[in-house]
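Written out below as structure tokens is the structure these notes cover.
Worth knowing before you read on, the calculation uses all heavy atoms, side chains too, and leaves out hydrogens, waters and symmetry mates. Chain naming here is simple, since letters A, B, ... match the order of the sequence lines and numbering starts at 1 in each.
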There are 2 protein chains.
Amino acid sequence: MSTEERPTLDRDRLAETALKLIDRDGLAALSMRKLGAELGVEAMSLYHYVKNKDDLLDSVLDCLYSEVDVLPQGPGVAWEPAIRHGLRSLHEVLLRHPAAVELFSSRPARSQASIGKLFVSYQSFAAGGLEGLEAFQAFRFAVAYVLGHSATELGVLAQLKVDPSWSSSSMTDPALQQFLEQSAKVPGSEMFENGLDLVMSALRSAYNVPQS
Amino acid sequence: MSTEERPTLDRDRLAETALKLIDRDGLAALSMRKLGAELGVEAMSLYHYVKNKDDLLDSVLDCLYSEVDVLPQGPGVAWEPAIRHGLRSLHEVLLRHPAAVELFSSRPARSQASIGKLFVSYQSFAAGGLEGLEAFQAFRFAVAYVLGHSATELGVLAQLKVDPSWSSSSMTDPALQQFLEQSAKVPGSEMFENGLDLVMSALRSAYNVPQS
DNA sequence: ACCTGAACACCGTTCAAGT
DNA sequence: ACCTGAACACCGTTCAAGT
């Protein structure tokens, strides 16, 4: 009751609130009903702003894209720092929102804003002297690295540990122990920067691109 | 009725059948009830073989790991071909099962078999002359590439297209058109191989590793 | 040991109805 | 135009009961 400030709904407000709930409780826990409750409205009202739940998730993805900061090409903007800046920003967004990797990995960009942002960041690669397909391959390689690195940080290679109940001889191998320890105590962002260096050097040497 | 061949259930059979349903109808469409029906049993019976749905998905992940073919290190096995073999196999599994990227990206390996497979493939990197943290970083970089590349193939960069309703001047930019066309008509596996070459050359030059 | 049925607290989505 | 309530066909999971 009373003056619950509810500054009129729109697609963006749904998206932001949904993302907030996803960050807090996980992607699987998001429901139209809970989102409605959070917005002080019945679930069915949401269908005025969003076609269905799938469309809602697309809007959340747009929200994530909008958080990525890319430097548009222009005079005084060197291509390599611009690329690094955009990739770092993407990495930060992916880590800030644990469900983001899942969303990026399963849904293509659909809105003008999101596709526009992809294009702007692609242009940094073209500015490096690469043309056409080469620029696209380089772009794709770089995005793949960031997405995949973030995925290993959150999934596959995260918190590996042997279950005490196994204890077959091969599982007490000291080399295995070392492998597991490394996966546990990774220096996080340092590893990301190392990989970023590898990406940039691979691009430079493969495509004969100027040093900066 | 009649002799419905139902060769007794176990965790693996649940996992395989669940994966079959996921491949056919998508991850979101999998339910305990449908899986039960597919196995000729009520949903509640499944809880004898699996702790809950989350545990079921872990078992599906194990199923995916088991499809990845890695070459154990040994005499006569050169490190670079071994690495390429494992990464290609992972890529194939990810493409064969559209929901696999999502599963790998969101769940760590948990079983002895899956962690063992990760370890075996990690050992190829150690065999290249890298030690300790360097080997782990190289391994992680390579896995990140494959996972990320597959994700872009299925998500983010897949089927980008401008919606006719936009048509703001910036969206008819011929450079944007080219960008979108490239994302559409990628030569698929060729792009993967190019990226794999980039990964290997980055590793060789960063870690001063022998040519083969 | 393995399976079932009923039950509980949830889902997404439609539709006719309210203001 | 925006919101609601009831309804439908689903969910995951527990539990007591069957064989």
Side-chain angles (χ1 to χ4, degrees), chain A residues 1-63 99 102-103 106-107 110 165, chain B residues 1-63 99 102-103 106-107 110 165:
Chain A
M1 318 288 145
S2 80
T3 45
E4 287 256 352
E5 33 161 343
R6 206 205 305 153
T8 65
L9 299 179
D10 60 22
R11 187 182 166 88
D12 284 347
R13 229 174 96 67
L14 295 212
E16 284 164 28
T17 311
L19 182 53
K20 200 181 72 186
L21 292 183
I22 290 170
D23 285 343
R24 196 218 287 151
D25 304 322
L27 186 54
L30 178 72
S31 76
M32 297 299 277
R33 291 158 127 110
K34 283 183 198 156
L35 177 57
E38 183 76 17
L39 289 164
V41 106
E42 295 300 312
M44 304 74 202
S45 308
L46 304 177
Y47 288 85
H48 275 266
Y49 306 97
V50 116
K51 241 174 52 214
N52 49 34
K53 194 180 183 183
D54 204 67
D55 190 35
L56 174 68
L57 292 179
D58 275 339
S59 79
V60 172
L61 185 60
D62 283 334
C63 204
E102 225 168 308
L103 289 171
S106 57
R107 334 181 70 87
R110 281 272 157 266
S165 75
Chain B
M1 317 287 142
S2 80
T3 45
E4 288 256 352
E5 34 163 341
R6 206 206 306 153
T8 65
L9 300 179
D10 59 23
R11 187 182 166 88
D12 285 346
R13 230 175 94 68
L14 294 211
E16 284 164 26
T17 311
L19 182 53
K20 200 181 73 186
L21 293 183
I22 289 170
D23 286 342
R24 197 219 285 152
D25 304 322
L27 186 54
L30 178 72
S31 75
M32 298 298 276
R33 290 158 127 111
K34 283 184 198 153
L35 177 58
E38 183 75 17
L39 290 165
V41 106
E42 295 301 311
M44 303 75 202
S45 308
L46 303 177
Y47 288 84
H48 275 265
Y49 306 98
V50 115
K51 241 174 52 212
N52 48 35
K53 194 181 182 183
D54 204 67
D55 190 36
L56 174 69
L57 292 178
D58 274 340
S59 80
V60 171
L61 185 61
D62 283 334
C63 204
E102 226 168 308
L103 289 171
S106 56
R107 332 180 72 84
R110 282 272 158 267
S165 75

For A:Asp62, side-chain hydrogen bond (donor to acceptor under 3.5 Å, both in side chains) partners two or more places apart
A:Ser111, A:Ser114
Between P of D:dC2 and CG of A:Leu46, the distance in whole Å
13 Å
Taking only distance into account, with no hydrogens and no angle test, what donor-acceptor pairs under 3.5 Å do side-chain atoms of residues 21-28 of chain A form with protein atoms, sequence neighbours excluded?
unit_1  : atom_1 : unit_2  : atom_2 : d
A:Asp23 : OD1    : A:His97 : ND1    : 3.0
A:Asp23 : OD2    : A:His97 : ND1    : 2.6

Does some side-chain heavy atom of A:Val60 sit less than 4.5 Å from a side-chain heavy atom of A:Leu103?
yes
Nucleotide-resolved protein contact map, nucleotides 7-19 of chain D, B/S/- at heavy-atom distance under 4.0 Å
B---BBBB-----
Taking all atoms of both residues into account, what is the closest heavy-atom pair of B:Thr17 and B:Leu39, and its distance?
OG1-CD2, 3.5 Å
Once you round to the nearest 0.5 Å, how far does CG of A:Leu46 lie from CE of A:Met44?
9.0 Å
Can you give me the dot-bracket string for DNA chain C, 5' to 3', counting Watson-Crick and G-U wobble pairs with both distances under 3.5 Å, using [ ] for crossing pairs and | for partners on another strand?
||.|||||...|||||.||
For A:Asp55, all residues meeting salt bridge (charged side-chain N to carboxylate O under 4.0 Å, His left out), sequence neighbours excluded
A:Arg11
Smallest heavy-atom separation, B:Tyr49 atom then B:Leu14 atom, equals CB-CD1, 3.9 Å
List in chain and number order the residues that pass side-chain hydrogen bond (donor to acceptor under 3.5 Å, both in side chains) with B:Arg107, two or more places apart in sequence or in another chain; answer none if no residue qualifies.
B:Asp54, B:Asp58
